[in-house]
Amino acid sequence: MSTELLQSARARFGEIADVGAAIALMHWDQEVLMPPKAAPGRGRQLATLSAIAHRMATDKQLGEDIRRLSDIGLSGDDAKLIEVAQHDYERATQLPEAFVETLAEEQSKAYQAWMKAREAADFSAFQPHLETIIDLLKRKADYHGFQESPYDALLEDYERGCTASELRPVFATLAERQSELVKRIVDSGNQPDNAWLKGTWDEQQQWDFTLRVLRDIGYDFDAGRQDKSIHPFSTNFGLRDVRVTTRLDLADPFSALTGTIHEGGHALYEQGLPEEAARTPLGQAISLGIHESQSRMWENVIGRSRPFWAHYESAFREMYGAQLNGVSLDDIHRAINTVEPSLVRVEADECTYNLHIFLRFEIEVELIEERLKVADVPEYWNAKMKDYLGLDVPNDRLGCLQDIHWSHASIGYFPTYALGNLYASQFFARILEDHPTLWDDIAAGNFAPLLDWLRTNIHSVGRRMTASELVRHVTGKDLSAEPYLNYLETKYSELYNLS
Ligand code: ZN
């Protein structure tokens, strides 16, 4: 009886995954290949398929089957699968259909308003829409339910089990020490001379180099491909088709490369998810934060390290010849790690990046917990930018209107970027304990020990654990700011000669 029931539930999960893959493929095509006149038709096709996917995921019979399977008391992976499926089913069915429709309508209005408001650098044009979004999200939190803060109910969509009260002290410590570190860097007067970066960097060379590095770090081109898109991203249509995109910038030899390594880190994770759980909720990535830990470890910890560049230095010189005359390995290493406080998050360097996140997190929590009015967001934002990065915000386009997230009602998403940095450092400290010679391997261009470790300890877990359980399981400790701060302070004290 339970075997039959489980088989039928598995078949349904498989169908839901297949429709999801079709949606993802259509999105990929939209960003990479689709001709412009196809946009309205594609919008309809995606809406139809999304409605089908939602219907399948919230089907009453599926819910009944999951409930019965949960009551039977399965064991091992079957029990895990049903636990995860029940969580997803409950989340998906907690919101009344009429509410989901209203939220979608308001989101689309808010997005249109945000684009115009950003163009005009006029927050007041976006303000009423953001007020509506916040009200709806507070209702959403009520539908889902929460223990401490309504913000926790929103976080749950991106980082299951994570709470505002868990993040607040960690982020506060980081904000203080990271802004202190940035101030010391700025005051040191030791900015590298990056004049050699000016000029044009050959497009074909850049493209070939991204492919080479992607292959070297272990990305399987028989189960994926790289293309160009305006915004780099990674996506998958199953374990054996995980794709990445990158964007070439002729004025910057590092932009496409670091973008590729970042998306490659996401893709390596997806290519390494547990095969035995494919096409089920258990075979998915744990959370956005864990996903981001993979991309950021490869991009920042590895791709911006000296051993990495010691390995690729000669290839880099061969590609660009005279453009690198008089440029040393140190110059390359310092250029790719240049710290410069800036107003725009997506252009921020590794050292300042989290500070952009903390201020968004604080604003989101204050809004959802009703301590801040939407009208006061610009003032709050600008004061925090001054406090954290020492910058004056000239207008709202470069300030609180810069990101798309709030217009999409994606509140609770931003913290996952910072969490990715924290998880990455905490995992990496553990990897170095297990592999004391890892940096020698990297300097020799041997990335297999690192990938093997990630495959065994992180990728193959699927959703058998939550993010905090995984961190504890892998490192023996709870999430902490210390490994990341140690990493940043050590790396940048050396690069900037801080005493
Ligand atoms: Zn990412």
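Residues take their numbers from the sequence shown, with the count starting at 1. Both ligands and their constituent atoms are indexed starting at 1 by order of listing. Everything quoted here is computed from the prediction, not taken from an experiment.
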Checking side-chain contact (heavy atoms from CB on, under 4.5 Å) for the pair Lys109/Ile133: CA distance, chi angles, key distance, verdict?
CA-CA 10 Å; Lys109 283 187 217 159; Ile133 293 282; over 6 Å; no

State whether Phe221 and Arg215 meet the cation-pi test: NZ (Lys) or CZ (Arg) under 6.0 Å from the six-membered ring centroid, and within 45° of the perpendicular axis.
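The answer is yes; both the distance and angle limits are met.
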
Just to verify, what does [X] make a side chain to side chain donor-acceptor pair (under 3.5 Å) with, not counting sequence neighbours?
| X | answer |
| --- | --- |
| Ser149 | Glu369 |
| Arg345 | Tyr353, Asp403 |
| Glu276 | Arg464 |

Please determine whether side-chain contact (heavy atoms from CB on, under 4.5 Å) holds for the pair Asp227 and Thr246, giving the CA-CA distance in whole Å, both sets of side-chain angles, and the decisive distance to 0.1 Å.
CA-CA 6 Å; Asp227 293 272; Thr246 197; over 6 Å; no

What protein N/O/S atoms sit under 2.8 Å from the Zn ion (ligand 1), by chain and number?
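Short answer, with waters excluded from the count: His262 NE2, His266 NE2, Glu292 OE1, Glu292 OE2.
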
